[in-house]
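Small disclaimer: the values here were computed from a predicted structure and weren't measured. Indexing begins at 1, ligand by ligand and atom by atom, following the structure's order.
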Amino acid sequence: MTRGRSVSDPDAPPTELGPATGAGVVVCVDPELPDAGVLARAGQLIRQGRLVAFPTETVYGLGANALDDAAVRRVFAAKGRAASDPLIVHLAAAEALREVTAGSRHTQGGARRSSSAGTGLDSPGRGTIFPGDVPFEELVRLLAGHFWPGPLTLVLPKSDRIPDSVTAGLPTVAVRVPRHPVAQGLLRAAGVPIAAPSANTFTRTSATAAAHVLEDLGGRVDLILDGGPAPIGIESTVVQVQGDSVRLLRPGAVSVEAIDRVLAQGGWPAVVAPQGASMGRAGEATGAAPPSPPLPLASPGMLEKHYAPRARLLFFSGPPEAARAAMRRAAGEALAAGQRVGLLLCQEDAALFHDLAGGVARGGSAEPAAGGVADGADVIMEDLGPCADLAVVGQRLFDAMRRLDARGADTICARSLPTTGLGLAIDDRLTRAAGGRVVRAG
Ligand code: TXA
Ligand code: MG
């Protein structure tokens, strides 16, 4: 493993970065002003069909040339990802939509609404986003104009240029324009659209730092661009634009409320979301048996078990006090069974659980908790930040899960927070990380 190795010569042969099978080289880059030489080399690797992990504003992505079927297959192999789970195609700018999407008159209807002038979409004139006439072009223009570059992914009709491996054979392609300067720089240097899933092992906790990528994929990726922690920490929101409707497929970093505000301005109907606060909440369970999925998988990646740490995660929903009490009981039971218990706590809760951690340090020097605790059992905590500051909670969430795993937690307990704004995505990730083990309290 070479860290911080110079790759400033864009014409150097790729072997300088290690064997083609992936040496897992990490190169540090300034997240605001990444070195042009490093980006040029990374872009060259992408064009050569190799894999580059890079930071986006949401999470780290594992990138490959989206037009190169063999390279895309390498992404699936590296992650151990099911071929049925399609990838997001990243573009440097909205103008590049033309290269990856298709006109869709034949498959999708929808009325054109009043003009969405003033959306902020830079240069394309009317009718130039798609290569053909698309009834919902105005709607796409409105959303792209407001949210790109940024963490909104649009599912649109796919161009034949995009291999079926990218889209798992679907007639649609998921597209976004990331705003992170390293992602932007890489896309521009590569000169091709980049297909990139989150850079973690399939179904596991997403990678929000280069160290997470190394942990999961080191040795299977040709280059990791280390631009520091991902600023948002939660993946993009995925919506499908169809006719005159915008359907939520995955809650994420852009809130449904924010999308609704923009849609309302353009005179479009609000986002269509499946019922229930969390898309991942498949009916609430009191036991460990995961319930069966309630909805057809409109987005094939919306697996019930996803984002999961190695430890068993229990997610407690309901009024805060009841959820905290249920968490405390579950933690006590796990401790009594000799487990190491990880608590994912927002700041105000941390104070309330302090007695648990203080009472039962591993090694047995402190007082055992009431009720008796087996030898070696203890409690470890990760602070998610202020309970009301969901941006901080979101930024820390995946990292905190990984830290509890690294510290040897057998069971992790977390409780639900408000599901407004970013809270919907946080709730979704915790529900899926729990693999359906949602305990309704109160
Ligand atoms: O923030 C993000 O979106 C990150 C960064 C790297 O951009 N990427 C990411 O990719 O989260 P991934 O592969 O972990 O999740 C992509 C999601 C999956 O739920 C997948 O099923 C869905 O997007 N998706 C992709 N193409 C789709 C399509 N054609 N139709 C419906 N859903 C699609
Ligand atoms: Mg993912």
Nearest non-hydrogen contact with atom 8 (N) of ligand 1 belongs to which option: A253, A230, A196, S236? A196
Quick one: which of P55, A183, G61, S198 has a heavy atom closest to atom 14 (O) of ligand 1? S198
Per-atom contacts, ligand 1 versus [X] - under 4.0 Å to a heavy atom:
X    : result
H90  : 5 (C), 6 (C), 7 (O)
I88  : 3 (O), 8 (N), 9 (C), 10 (O), 16 (C), 23 (O)
L249 : 31 (C), 32 (N)
L170 : 28 (C), 29 (N), 30 (N)
D85  : 18 (C), 20 (C), 21 (O)
E235 : 1 (O), 2 (C), 11 (O)
P197 : 10 (O), 12 (P), 13 (O)

Strictly by modelled atom types, are [X] and [Y] linked by a side-chain donor-acceptor pair under 3.5 Å?
X    : Y    : value
R188 : Q184 : yes
E257 : T420 : no
D69  : S165 : yes
T411 : Q339 : yes

Residue-level breakdown please: for [X] versus ligand 1, do any non-hydrogen atoms fall below 4.0 Å on the side chain, on the backbone, on both, or on neither?
X    : value
T167 : neither
R250 : side chain
R81  : side chain
Q240 : neither

I want to check a possible cation-pi pair here: R429 against Y307, using under 6.0 Å from ring centre and within 45° of the ring axis as the test. yes
Taking only non-hydrogen atoms of R176, do any sit less than 4.0 angstrom from ligand 1? yes
Has the side chain of [X] got a donor or acceptor atom that lies under 3.5 Å from a matching backbone atom of [Y]?
X    : Y    : result
H90  : I88  : yes
E348 : C387 : yes
Q395 : A230 : yes

Ignoring angles and geometry beyond distance, decide whether [X] reaches within less than 3.5 Å of ligand 1 through its nitrogen or oxygen atoms.
X    : value
K79  : no
T172 : yes
Y60  : no
T56  : no

Can an N, O or S atom be found in S198 less than 2.8 Å away from the Mg ion (ligand 2)? yes
Salt bridge flag under 4.0 Å for residues [X] and [Y]:
X    : Y    : answer
D216 : R402 : yes
R250 : D428 : no
E215 : R204 : no

Distance from L344 atom CG to C413 atom SG, nearest 0.5 Å? 9.0 Å
